[in-house]
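Remember, it's 1-based here, ligands and their atoms both numbered in the order they're listed. None of the values given here were measured: they were computed from a predicted structure.
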Amino acid sequence: MDFHILPDAQVVAEAGADLWIDEAERALRSVGRFTVALSGGSTPRLLYEALAARDAARIDWRNTHVFWGDERCVPPGHAESNYAMANQTLLSKVDLPAENVRRMRGELADPRVAAREYDALLREFFGGYGSRRSTFDLILLGMGEDGHTASLFPQSPALEAATHWASAVQAPPGVTPRDRITLTLPPIVASVRCVFLVTGEKKHSVLASIRKDPAAAASLYPAARIAISRESTWLIDEKAAGTSRA
Ligand code: 6PG
């Protein structure tokens with residue numbers, strides 16, 4: 001785990017935008033396209049805004065392909081839709097072809113159908129198991145106060161999924177909206193670069209457990225399951241790191 005402690009959420013977002021540009025350039029140089037999976041959450045929002053404000057000419061949007069790590073089961077224009085958030089802050093502001101945007105269909109009446117559809121879409125795009133070793137060039141992930149990431153919540157049966165890449169899940173009571181679609185661990189673990197964006201003091205205690213003993217934390221926190229399974233970059237602010245004097 002590669003931890004970068006940065007002053008605040010805005011600096012985390014700018015560092016995430018820098019990393020996006022670097023990974024895009026690397027992927028475009030080597031394979032001619034860049035694939036990225038987005039997350040919901042407050043820090044990714046700042047990252048999308050930061051990226052939209054960068055010099056658009058530096059980024060080859062026409063060969064960028066956008067996916068999602070999770071989606072809430074609401075229509076795509078809904079205030080709680082992860083797609084809507086990314087679209088408003090970034091996608092609608094850059095020269096990204098509509099066909100390069102592959103969202104999870106949170107509006108479907110049966111989330112299991114949306115999950116199966118996304119699983120099939122990913123397998124077709126990335127070639128399924130076996131024929132390719134990696135999925136996204138970059139996956140951006142947040143982490144909740146309970147250690148969830150994407151919509152993989154602690155104790156979720158979706159954490160054990162081995163044969164499908166997307167799953168319909170329910171967030172714990174109190175977390176709304178409860179119905180979600182999420183990537184499972186295999187396509188996350190198989191991404192080329194995995195980056196967590198974690199800010200705010202409420203994340204401190206879970207983050208401290210993961211940093212201290214990732215193997216022990218993995219039985220409790222889905223984010224730690226990923227951290228022990230592959231290399232990961234963590235962009236965190238001083239509040240989440242517990243080094244803030246504010
Ligand atoms: C979602 C997210 C989720 C999020 C974390 C952190 O759709 O809710 O994808 O995994 O990233 O809950 O969110 P914050 O950055 O807002 O704390």
Side-chain angles (χ1 to χ4, degrees), residues 6 8-17 20 36-50 66-76 78-91 102-107 111 114-115 118 136 138-156 158-159 166-185 187-188 191 194-207 210 220-227 232-241:
L6 300 163
D8 58 33
Q10 188 58 42
V11 182
V12 166
E14 297 289 344
W20 174 309
V36 57
L38 307 184
S39 153
S42 50
T43 317
R45 168 190 286 272
L46 293 177
L47 187 161
Y48 306 147
E49 288 168 349
V66 177
F67 300 81
W68 270 264
D70 72 322
E71 184 55 279
R72 292 96 179 262
C73 291
V74 293
H78 194 278
E80 296 197 275
S81 157
N82 284 344
Y83 162 78
M85 190 272 274
N87 191 43
Q88 280 154 16
T89 51
L90 174 64
L91 309 181
R102 293 170 177 85
R103 64 178 184 85
M104 293 171 165
R105 293 210 297 153
E107 70 274 29
Y118 214 65
F136 316 102
L138 173 65
I139 182 162
L140 299 174
L141 294 167
M143 184 184 80
E145 292 164 44
D146 58 357
H148 84 260
T149 190
S151 282
L152 292 166
F153 291 88
Q155 315 297 332
S156 170
L159 285 165
S167 187
V169 294
Q170 281 224 312
V175 181
T176 55
R178 288 193 69 192
D179 286 323
R180 313 253 178 141
I181 303 150
T182 186
L183 295 185
T184 56
L185 290 173
I188 298 175
S191 59
C194 175
V195 177
F196 286 89
L197 303 159
V198 184
T199 59
E201 61 272 351
K202 290 183 179 161
K203 314 282 173 73
H204 171 61
S205 117
V206 169
L207 191 60
I210 297 175
L220 300 172
Y221 309 125
R225 280 279 289 272
I226 296 168
S232 52
T233 301
W234 293 68
L235 303 178
I236 61 186
D237 73 349
E238 290 186 354
K239 288 183 176 158

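For the pair L183/I139, a side-chain contact is recorded, criterion being any heavy-atom separation below 4.5 Å from C-beta on. In this structure, the side chains of L152 and V169 stay at 4.5 Å or more apart for every pair of heavy atoms. A 4.5 Å side-chain heavy-atom check between N82 and L38 finds every atom pair outside the cut-off. For the pair D179/Q170, a side-chain contact is recorded, criterion being any heavy-atom separation below 4.5 Å from C-beta on. You'll find the side chain of L140 reaches within 4.5 Å of the side chain of W20, heavy atoms only. Residues I210 and M143 meet the side-chain proximity criterion, which asks for heavy atoms closer than 4.5 Å. For the pair S81 and R72, the minimum side-chain heavy-atom distance is 4.5 Å or more. Between H148 and T182, the closest side-chain pair of non-hydrogen atoms is not below 4.5 Å.
In the vicinity of D70, heavy-atom distances shorter than 4.0 Å reach the ligand 1 atoms 1 (C), 2 (C), 7 (O), 9 (O). The distance from ligand 1 to the heavy atoms of K203 drops below 4.0 Å at these ligand atoms: 14 (P), 15 (O), 17 (O). The contact set between ligand 1 and S39, taken as ligand atoms under 4.0 Å from a residue heavy atom, comprises 9 (O), 11 (O). Which parts of ligand 1 touch R72 is read off a 4.0 Å heavy-atom cut-off, strictly below it: atoms 1 (C), 7 (O), 8 (O). Atoms of ligand 1 lying under 4.0 Å from at least one heavy atom of G41, given by number and element, are 13 (O), 14 (P), 15 (O), 16 (O). Of all atoms in ligand 1, numbered sequentially from 1 with element shown, those under 4.0 Å from a heavy atom of R180 are 1 (C), 7 (O), 8 (O). Numbered from 1 in the order shown, with element, the atoms of ligand 1 that lie under 4.0 Å from a heavy atom of G142 read 11 (O).
Some N or O of S42 is nearer than 3.5 Å to an N or O of ligand 1, by distance alone. Checking only distances, P44 never comes within under 3.5 Å of ligand 1, N or O to N or O.
Looking at atom 10 (O) of ligand 1, its nearest protein heavy atom turns out to be A150 O, 2.7 Å. When only non-hydrogen protein atoms are considered, atom 5 (C) of ligand 1 lies nearest to H148 NE2, 3.6 Å. Among protein heavy atoms, atom 6 (C) of ligand 1 sits closest to M143 O, 3.6 Å. The single protein non-hydrogen atom nearest to atom 4 (C) of ligand 1 is G40 O, 3.9 Å, given as residue, atom name and distance.
Between F196 and W234, the angle of the ring planes stays under 30°, which puts this pair in the parallel group of the 30/60° scheme.
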Inset, instruction - Given side chain to side chain contact (heavy atoms under 4.5 Å, CB included), test F153 with R180 step by step and report yes or no. - result: CA-CA 11 Å; F153 291 88; R180 313 253 178 141; 4.0 Å; yes
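Within the 4.0 Å heavy-atom criterion, the part of N82 lying near ligand 1 is the side chain and not the backbone.
Residue contact annotation: E145 has no non-hydrogen atom under 4.0 Å from ligand 1.
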